[in-house]
**Student:** 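This is the structure I want to talk about, given as structure tokens.
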Amino acid sequence: QVQLVESGGGSVQAGGSLRLSCAASGSTYSNNCMGWFRQVMGKEREGVAAVWIGVGKTYYAGSVKGRFTISQDDAKHMIYLQMDSLKPEDTAMYYCAAARDMTGGRLCGLNALDAWGQGTLVTVSS
């Protein structure tokens with residue numbers, strides 16, 4: 001069972017920064033593909049960033065590349081999303097996400113994320 005708990009959302013002015021944290025169970029974290037989705041009410045969920053645990057590759061949506069950084073802490077089974085130069089259009093509910101199954105040669109990436117936590121709200125004001 002995938003277990004993910006997000007924290008770190010909040011309100012910030014445009015141009016500011018926030019860091020999101022996600023705690024995963026050991027079985028969810030190990031050798032997995034993990035990352036972040038975001039969703040605005042009434043719109044489809046958008047993959048934001050992913051990291052291939054154990055391989056070290058990272059993946060980003062074009063809309064956040066250069067502004068957001070995903071990182072990991074293997075000892076704590078946590079991933080983070082550092083969000084800089086925030087824009088009002090970054091306002092959304094952010095969900096920590098993981099791939100349910102990485103066996104069979106499956107590759108990590110934004111499309112591999114298919115399980116997520118409860119979400120944390122990020123609001124960016126202009």
Side-chain angles (χ1 to χ4, degrees):
Q1 184 176 359
V2 174
Q3 294 179 320
L4 303 163
V5 179
E6 305 97 334
S7 61
S11 297
V12 66
Q13 288 195 323
S17 298
L18 281 174
R19 189 175 87 146
L20 306 183
S21 301
C22 173
S25 62
S27 59
T28 296
Y29 185 89
S30 300
N31 299 316
N32 205 348
C33 182
M34 294 190 63
W36 298 87
F37 274 104
R38 66 185 181 186
Q39 188 169 25
V40 176
M41 193 174 294
K43 294 190 176 181
E44 284 192 11
R45 208 179 295 240
E46 175 191 20
V48 174
V51 58
W52 198 342
I53 306 296
V55 175
K57 281 191 171 184
T58 56
Y59 311 83
Y60 295 95
S63 57
V64 307
K65 202 166 188 179
R67 300 188 297 121
F68 290 12
T69 304
I70 190 168
S71 61
Q72 63 196 81
D73 185 326
D74 293 340
K76 296 181 179 178
H77 293 167
M78 293 191 69
I79 65 166
Y80 307 93
L81 186 68
Q82 177 66 39
M83 303 185 293
D84 299 319
S85 302
L86 282 162
K87 305 175 181 180
E89 52 263 43
D90 293 318
T91 295
M93 187 72 80
Y94 283 72
Y95 299 87
C96 182
R100 293 182 188 275
D101 184 4
M102 286 294 290
T103 58
R106 192 177 183 192
L107 299 177
C108 184
L110 299 179
N111 292 331
L113 306 173
D114 55 5
W116 40 84
Q118 295 300 307
T120 184
L121 181 62
V122 171
T123 303
V124 184
S125 57
S126 58

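Just so it is clear, the values below take in all heavy atoms, side chains as well, and ignore hydrogens, waters and symmetry mates.
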**Student:** If you round to the nearest 0.5 Å, how far is SG of Cys33 from CG of Asn111?
**Tutor:**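 Reported value, rounded in 0.5 Å steps: 9.5 Å.
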
**Student:** Could you tell me how the ring of Phe68 sits relative to the ring of Tyr94: parallel (under 30°), tilted (30 to 60°) or perpendicular (over 60°)?
**Tutor:**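 Because their plane-to-plane angle lies in the 30° to 60° range, the rings of Phe68 and Tyr94 count as tilted.
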
**Student:** I need the Asp73 CG to Tyr29 OH distance, nearest 0.5 Å.
**Tutor:**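 Output value for this atom pair is 6.5 Å.
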
**Student:** Hydrophobic clusters here meaning ILVMFWY residues chained together by side-chain heavy-atom distances under 4.5 Å, can you tell me if Tyr59 and Met102 are in one?
**Tutor:**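 Hydrophobic grouping puts Tyr59 with Met102.
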
**Student:** For Ala115, does its backbone N or O pair with a side-chain atom of Arg100 as donor and acceptor, under 3.5 Å?
**Tutor:**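 No; zero donor-acceptor contacts below 3.5 Å.
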
**Student:** Return the OG to CZ distance between Ser7 and Arg19, rounded to the nearest 0.5 Å.
**Tutor:**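 Reported to 0.5 Å precision, the distance equals 9.0 Å.
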
**Student:** How far does CD1 of Ile79 sit from CG of Leu4, to the nearest 0.5 angstrom?
**Tutor:**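 Ile79 atom CD1 to Leu4 atom CG measures 7.5 Å (nearest 0.5 Å).
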
**Student:** If we ignore hydrogens and angles and just use 3.5 Å, is the side chain of Gln118 paired with the main-chain N or O of Glu6 as donor and acceptor?
**Tutor:**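 Not a single qualifying donor-acceptor pair exists.
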
**Student:** Under the side chain to side chain contact (heavy atoms under 4.5 Å, CB included) rule, collect the residues that match up with Ser71, sequence neighbours excluded.
**Tutor:**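 In terms of side chain to side chain contact (heavy atoms under 4.5 Å, CB included), with neighbours along the sequence ignored, Ser71 is linked to Tyr80.
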
**Student:** How long is the span from the CG atom in Leu121 to the OG atom in Ser11, to the nearest 0.5 Å?
**Tutor:**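 If I round to the nearest 0.5 Å, the distance is 7.0 Å.
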
**Student:** If Ile, Leu, Val, Met, Phe, Trp and Tyr residues are connected whenever their side-chain heavy atoms lie under 4.5 Å apart, and connections chain through other members, are Val40 and Val64 in the same group?
**Tutor:**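 No, Val40 and Val64 fall in different hydrophobic clusters.
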
**Student:** Tell me if the CG atom of Asp114 is crowded by more than 12 foreign heavy atoms within 6.0 Å.
**Tutor:**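 Yes, CG of Asp114 has more than 12 neighbouring heavy atoms, counting only those of other groups under 6.0 Å.
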
**Student:** Might you point out which heavy atoms bring Phe37 and Ala97 nearest each other, and give the distance in Å?
**Tutor:**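 Looking at all heavy atoms of both residues, the shortest contact is CD1-CB, 3.5 Å.
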
**Student:** Check Ala14 against Ser126 and note the closest heavy-atom contact, atom names and distance.
**Tutor:**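 So the two residues come closest at CB-CA, 4.3 Å.
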
**Student:** Establish whether Leu20 and Val48 are linked, either directly or via other cluster members, by ILVMFWY side-chain heavy-atom contacts under 4.5 Å.
**Tutor:**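 Same cluster.
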
**Student:** Compare every heavy atom of Ala112 with every heavy atom of Leu107, then report the nearest pair and how far apart it is.
**Tutor:**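 Taking Leu107 first and Ala112 second, the nearest heavy atoms are O-CB, 3.6 Å.
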
**Student:** Taking Asn32 for its side chain and Ile53 for its backbone only, find out whether a donor-acceptor pair lies under 3.5 Å.
**Tutor:**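 No; judged by distance alone, with no hydrogens or angles, the pair does not exist.
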
**Student:** Under 3.5 Å, is there a donor-acceptor pair between the side chain of Thr28 and the main chain of Gln3?
**Tutor:**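 Between the backbone of Gln3 and the side chain of Thr28 there is a qualifying donor-acceptor contact (under 3.5 Å).
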
**Student:** Check whether the side chains of Ser63 and Glu89 place a donor and an acceptor atom closer than 3.5 Å, and report yes or no.
**Tutor:**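 No.
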
**Student:** Are the side chain of Thr91 and the backbone N or O of Val124 linked by a donor-acceptor pair below 3.5 Å?
**Tutor:**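 Yes, because the side chain of Thr91 sits within donor-acceptor range (under 3.5 Å) of the backbone of Val124.
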
**Student:** With clusters defined by side-chain heavy atoms of hydrophobic residues (ILVMFWY) lying less than 4.5 Å apart, directly or transitively, does Met83 cluster with Tyr95?
**Tutor:**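 Tyr95 and Met83: separate clusters.
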
**Student:** Quick check: is Trp116 connected to Ile70 through a chain of hydrophobic side chains (ILVMFWY, heavy atoms under 4.5 Å apart)?
**Tutor:**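 No, Ile70 does not connect to Trp116 through the hydrophobic network.
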
